[in-house]
**Q** 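Structure provided below as structure tokens; questions to follow.
Chain letters run A, B, ... following the sequence lines, proteins first, then strands; residues in each count from 1.
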Number of protein chains: 2
Amino acid sequence: MPPTLRPAARGRARGVLSLEAIVDEAMRIIDREGIDEVSMRRIAGEFDTGPASLYAHVANKDDLLAHCLRRVVSEVPMPTGETWQELVRSWAFGTHNTFVAHGDIVRLTFGTIAEGPKFVDIMERILGALQAAHVPPRVATWGLDVLSLYVAADAYEGWIMGRIFEDRSGRPTAEVGQEYFQQFAERLAALPAKQYPAMTPNLTSLMSGGGDERFAFGVDTFIAGMAAQVPAEGADRADG
Amino acid sequence: MPPTLRPAARGRARGVLSLEAIVDEAMRIIDREGIDEVSMRRIAGEFDTGPASLYAHVANKDDLLAHCLRRVVSEVPMPTGETWQELVRSWAFGTHNTFVAHGDIVRLTFGTIAEGPKFVDIMERILGALQAAHVPPRVATWGLDVLSLYVAADAYEGWIMGRIFEDRSGRPTAEVGQEYFQQFAERLAALPAKQYPAMTPNLTSLMSGGGDERFAFGVDTFIAGMAAQVPAEGADRADG
DNA sequence: CTTAGCAACGAACACCGTTCGCCAGGACTC
DNA sequence: GAGTCCTGGCGAACGGTGTTCGTTGCTAAG
């Protein structure tokens, strides 16, 4: 039997093929390089086989990525806090942190309705607090929907920015980022101050702050906007 | 000369090759089918030639798409309104409408810092109004940044949703969308009301409203949050 | 012992973005 | 007028992609 090697000894240098192992490998690539670097051939290569072998465990690439997304979503921690504001804030940060830790997988959340038992539990917890604080149901549900969209957008943008910065060979990411923005600042500073009286004095604040600070600002501002739509205490119902 | 056809008569059935014509064709595909359907071969095919011909006018595919994005960004209208709130709202809607009209090109805005003379003019207009209304510079600049991220995220999500719905063969998009969400509503309604006392009564508002309504809610809520950070009139400076 | 089912997988299909090298024609120089 | 350079056009090819087909070999059930 010269052509066929001993079957049991062939391949699988790095473990046996299974759905979990495939998702593991895909997550490893996503975490370090992003979704676009995931290919069926590359994953299969890690198991010393061809891409066709994966299709016994996964319907197609989208299905594989959906499995990855489900795993990440299940990692989002239960938020903590006393007030509904703290709870919503904690949830936004927890979700943000979870996605930021997993490359650009967050981009798969666009157009996806979150599910899973753990997610439902988290929603129950937050909606309960909002309801108890007399936040109108529409403000509560739509507010969480909007906020989740913002969280995803910021996490995605952050990943793209980070990739641009680290491409500039070596150097600390924050430093390269600062330099990157400086280019835009200079181009804006070159504008005639007479023609742009409002723009130029705002340049410093326009460029100030890191990504995390700006994200916190967005979350807090939106929560403040929700709070502004809560009817004044004791004024909503005359009888009670 | 049997193999070589008359050079002048060959090809170009649909116009002569130029940067503008290539971008036109790419935009046509993006508007109707989305970025992923744009390929160098397909565009070249519309001009009865091969993909290599495009590289005389465009550095690569990313460059081509960047040209498309620039064109769309330049279509964003100057916002109108009396108060800064109206102005910001008008800008958010104008930007949203513009991107929604051009497929999923909005996804290219993530990680991109907007530029162009027209964009700077718009920023000048809005920042001027915010400054005149004593909105703190940080709230003004970061607020617009956050809002633009939300606008992009909502436009992108809307495109993905629309594509899912229209895939369901014929039928009006809105109807299919309602049915799509109904599936989730039913799954949530099946939860034990005892274990999820906050979730179940919120189901109707969770599922209510169309995309435009929810987008308007998000914008208005965020503007309210910005307004909450404006110091009370006459209280910011004792001397003045 | 036979047979059914299934994971494994080599080969191929139809694409993709990009590069190479050649060609034709216009413009400019001598 | 002849020669040279430049540039847009473009056929062919390279190395990649996701997916499918048809076959193999193993294992468990009958």
**Q** With sequence neighbours left out, write down each residue that passes ring pair (Phe, Tyr, Trp, His ring centres under 6.0 Å) with A/F217, or none if nothing qualifies.
**A** B/W142
**Q** Please enumerate all residues that pass side chain to side chain donor-acceptor pair (under 3.5 Å) together with B/H96, with sequence neighbours excluded.
**A** B/D154
**Q** Who pairs with A/S53 by side chain to side chain contact (heavy atoms under 4.5 Å, CB included), at least two apart in sequence or on another chain?
**A** A/L17, A/T49
**Q** For B/I43 and C/dT18, give me the distance from atom CD1 to atom C1', rounded to whole Å.
**A** 14 Å
**Q** Quick one: which residue pairs count as a salt bridge (charged side-chain N to carboxylate O under 4.0 Å, His left out) with a foot in residues 103-121 of chain B, not counting sequence neighbours?
**A** A/R187-B/E115, B/D36-B/R107, B/D104-B/R107
**Q** Using the C1' atoms of five pairs at each end, what's the angle between the two axes of the helix from C/dC1-D/dG30 to C/dC30-D/dG1, to 10 degrees?
**A** 20°
**Q** For B/R41, give me all partners under side chain to side chain donor-acceptor pair (under 3.5 Å), at least two apart in sequence or on another chain.
**A** none
**Q** Determine whether the aromatic ring centres of A/F215 and A/F93 lie less than 6.0 Å apart.
**A** yes
**Q** Less than 4.0 angstrom between a side-chain N/O of B/T49 and OP1 or OP2 of D/dG9, yes or no?
**A** no
**Q** Taking only residues two or more places apart in sequence or in another chain, which ones pass side chain to side chain donor-acceptor pair (under 3.5 Å) with B/E157?
**A** none
**Q** Roughly, in whole Å, what's the span from CG in B/L19 to P in D/dT7?
**A** 17 Å
**Q** Specify the separation, in whole Å, of atom CG of B/D63 and atom P of C/dT18.
**A** 10 Å
**Q** Looking at residues 22-35 of chain A, who's got a heavy atom less than 4.0 Å off DNA chain C?
**A** none
**Q** When you check every protein heavy atom under 4.0 Å of nucleotides 17-23 of chain D, what one-letter string (B, S, -) results, 5' to 3'?
**A** BBBB---
**Q** Pick from A/L64, A/T109, A/V106: which one makes a side chain to side chain contact (heavy atoms under 4.5 Å, CB included) with A/L69?
**A** A/T109
**Q** According to a strict under-4.0 Å criterion, is B/H57 in side-chain N/O contact with OP1 or OP2 of D/dT7?
**A** no
**Q** Identify, with sequence neighbours excluded, every residue that meets salt bridge (charged side-chain N to carboxylate O under 4.0 Å, His left out) alongside A/R42.
**A** A/E33
**Q** Applying salt bridge (charged side-chain N to carboxylate O under 4.0 Å, His left out) as the test, list every pair that has at least one member in residues 205-219 of chain A; sequence neighbours left out.
**A** A/R214-B/D145
**Q** Would you please name every residue forming a side chain to side chain contact (heavy atoms under 4.5 Å, CB included) with B/A153, sequence neighbours left out?
**A** A/F110, A/L149, A/A153, B/F110
**Q** For DNA chain C, whose closest nucleotide is more 5', that of A/A56 or that of A/G50?
**A** A/A56
**Q** A/S53 side chain N/O closer than 4.0 Å to the phosphate oxygens (OP1, OP2) of C/dA8?
**A** no
